[in-house]
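Heads up, the thing below is written out as C-alpha cells.
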Amino acid sequence: MAANDPPDEIGSTTLPTESEALRFWLRLGMISFGGPAGQVAIMHDELVEKRGWISERRFIHALNFCMALPGPEAQQLASYIGYSMYGVRGAMTAGGLFVLPSFVLLCLMSAVYVEYGEVAAVEGVVRGLGAAVIALVAAAVIRVGQRVIRTPTALAMALIAFALLIVGVPFLAIIATAALTGYVVARYRPTLLRTPSSHTDDDFDPVRLESGLRRRFIRTILVWLIPLTILLLIGGLVAELAGFFTLAALVTFGGAYAVLPFVADAAVDRFGWLTADDMVAGLALGESTPGPLIMVNTFVGFLAGYNVEGGLAWGLAGATIATLCTFAPSFVFIISGAPLIDRVRATGAFASSLNGITIAVVGVIAALGVFVARHAAVVDGQPDWLVVALAVAAFVSVVRFNVGVIDIVASCALVGLIASTVG
C-alpha cells in the first residue's frame, strides 16, 4: 500500500471529492469557535450525521485516541478523518485548513496590538477581553472538573496540583507526578480515582494494519526533525522559539488550558519575550478567533519576534515558527499512527497515567485562572472593578445561561471599548 493511501475501510457511506472535502475543511476552520467541545460537535454533526463521511463508531474511537495524545484533539481528529479519506494529503489538508484561518486572523490582530496597543480604544477592548478570559477559564475549571473528578481523592489530587503550580513547582514535574500517581493508584486501588474503562466496544472490527508502517514512521519523523534541526542550528531567537514550542507541543495533555501556564511562565519570566499583560491579551485574542486555543502560541511567537528582533516581518516569522512547531508533532502522530488507531484500546497503563494527568489538569487550569485574574483584574495593586464585575457577569452567563463564547467575547470587548471612550 502506498504511503499516501488511506486505509482499506474508512467506515463511511459517502466518499466526497477532494475539492468538496477541501471546501468543508476551510469552512470548518472559519467557524470552529467554542473550543474543542464545540469543534468536535460541529464535525460530528456535519461528517457523521449529515454527510456520512465517517461512521459513528469510527468517529468516537478516533476521538478517544486523539484525546490520549498530546496536542489539540479536535485538530488531530480532523487530520485523522482527512487521512481516512485521502491518505497523507488528506490529513495535511484537513489539519492545515483547521488552523489556517485562525493563524491569519491572529497575525493581523497581533500586528494591530503591537502597533496600536497604546491607543485608548484598543486598550479598552483588551481590558474587556481580559474579563471574558477570566470567566471562560473559571467555567472551564467547572466543566472539566465535573467530567473527571469523581472521588474525594481525585479532588485532593487536583487541589495539590493547583497549589504546587501556584508556589512555582515546574509544570512538567506536576504532570509527570500526576501520571505516575494515576498509574500506581489504578494498579493497587483503582476505586480511589475511578480509572475509566475501555472506550471501545468488544466487538469492534479493526481495519487491517497497513504494510510499511515502520518506513512511513521513519520518513515522517525525518520530515519533522530535519527542518527542526535546521531551525535549532540557526541559533538565537529562532532556535529558542523552535525548541520551546516543540517541547510545549509534546506536553500539551489535557487541552490548551493545561499547558498555557507553562507557556506563559516561560514566555514572560524565562525568555522575556512579552509581559504578563501581553500574555493576558494573547489569551483574549485566542478566545476570540476560530481554531484551537493553543493558537495563542501564534500570538506569543509574533510578539517574541517583534519585541526581540524588531519589526512586523520578524513578528510574522516568529508567529510562523511558533505555529509550525506547535502543530508539527500532531501531524506526525496522526500520519504515523492513523493505521493503528482502530487497533488500540484506551485501557491499561497508558490510560491510567492519562487519567492521573487529566485530574491534575483541573488544578492547572485553576492556576491559569489565578494568573489571568491577577494581571487582568488588578491594576497597580488595586482591583479593576469594571473587569471584576464584567467577569462575574460573563461567568454567570456562561455557566447559568449557556451563552456562547463568541457572544461573551464580543460583549466584553464592546463594554471595554465603551468604557474607554466614556472614560
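All figures in this text were calculated on a predicted structure; none of them were measured in a lab.
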To check you understand the geometry: which heavy-atom pair defines the closest contact between [X] and [Y], and what is its length?
X	Y	answer
Phe98	Ala78	CD1-CB, 4.1 Å
Gly96	Phe331	N-CZ, 3.6 Å
Gly82	Trp25	N-CZ2, 4.1 Å
Val133	Leu283	CG2-C, 3.8 Å
Val263	Ala248	CG2-CB, 4.3 Å
Leu250	Pro70	O-CB, 3.6 Å

Nearest 0.5 Å, what's the [atom1]-[atom2] distance between [X] and [Y]?
X	Y	atom1	atom2	value
Ser336	Ile221	OG	CD1	6.0 Å
Leu285	Ser110	CG	OG	6.5 Å
Arg270	Glu240	CZ	CD	8.0 Å
Leu417	Cys412	CG	SG	13.0 Å
Arg89	Glu18	CZ	CD	4.0 Å
Asp407	Asn402	CG	CG	12.0 Å

Are side-chain heavy atoms of [X] and [Y] found at a separation under 4.5 Å?
X	Y	result
Leu316	Cys107	yes
Leu274	Phe299	yes
Ile175	Val251	no
Leu303	Trp273	no
Arg189	Leu192	yes
Pro261	Leu165	yes
Lys50	His44	no
Leu247	Cys325	no

So the ring pair (Phe, Tyr, Trp, His ring centres under 6.0 Å) pairs with at least one residue in residues 353-375 (sequence neighbours excluded) are Phe371-His375
The criterion is side-chain contact (heavy atoms from CB on, under 4.5 Å); which residues satisfy it with [X], sequence neighbours excluded?
X	answer
Val112	Tyr116
Thr275	Asp277, Asp278
Val141	Val362, Ile365, Ala366
Ala154	Ile149, Thr151, Leu193, Ile359

List in chain and number order the residues that pass ring pair (Phe, Tyr, Trp, His ring centres under 6.0 Å) with [X], two or more places apart in sequence or in another chain; answer none if no residue qualifies.
X	result
Phe302	none
Phe162	none
Phe24	Trp53

Check: Tyr80/Gln75 side-chain N/O donor and acceptor closer than 3.5 Å
no
Passes side chain to side chain contact (heavy atoms under 4.5 Å, CB included), Met43 versus Phe59? Steps please.
CA-CA 9 Å; Met43 281 190 280; Phe59 182 93; 4.1 Å; yes
Residues pairing under salt bridge (Lys or Arg N to Asp or Glu O under 4.0 Å) where one sits in residues 299-318, two or more places apart or in two chains, turn out to be none
Scan residues 374-395 for pairs that pass salt bridge (Lys or Arg N to Asp or Glu O under 4.0 Å), counting only residues two or more places apart or in two chains.
Arg127-Asp384
Using the side chain to side chain donor-acceptor pair (under 3.5 Å) criterion, which residues pair with Thr181? Sequence neighbours excluded.
none
Could I get the full list of side chain to side chain donor-acceptor pair (under 3.5 Å) partners for Ser79, not counting sequence neighbours?
none
Using the side chain to side chain contact (heavy atoms under 4.5 Å, CB included) rule, take Val392 and Leu390 through it: C-alpha gap first, then chi angles, then the decisive distance, then the call.
CA-CA 5 Å; Val392 171; Leu390 194 55; over 6 Å; no
Leu312/Val114 under side chain to side chain contact (heavy atoms under 4.5 Å, CB included): CA gap, chis, key distance, verdict:
CA-CA 9 Å; Leu312 293 177; Val114 297; 4.0 Å; yes
Stepwise, does the side chain to side chain contact (heavy atoms under 4.5 Å, CB included) test hold for Ile174 with Thr177?
CA-CA 5 Å; Ile174 295 173; Thr177 302; 5.9 Å; no
Under the 3.5 angstrom rule, does the side chain of Thr289 hit a backbone N or O of Gly286 as a donor-acceptor pair?
yes
Centroid-centroid under 6.0 Å between Phe262 and Phe244 rings:
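That pair passes the under 6.0 Å test.
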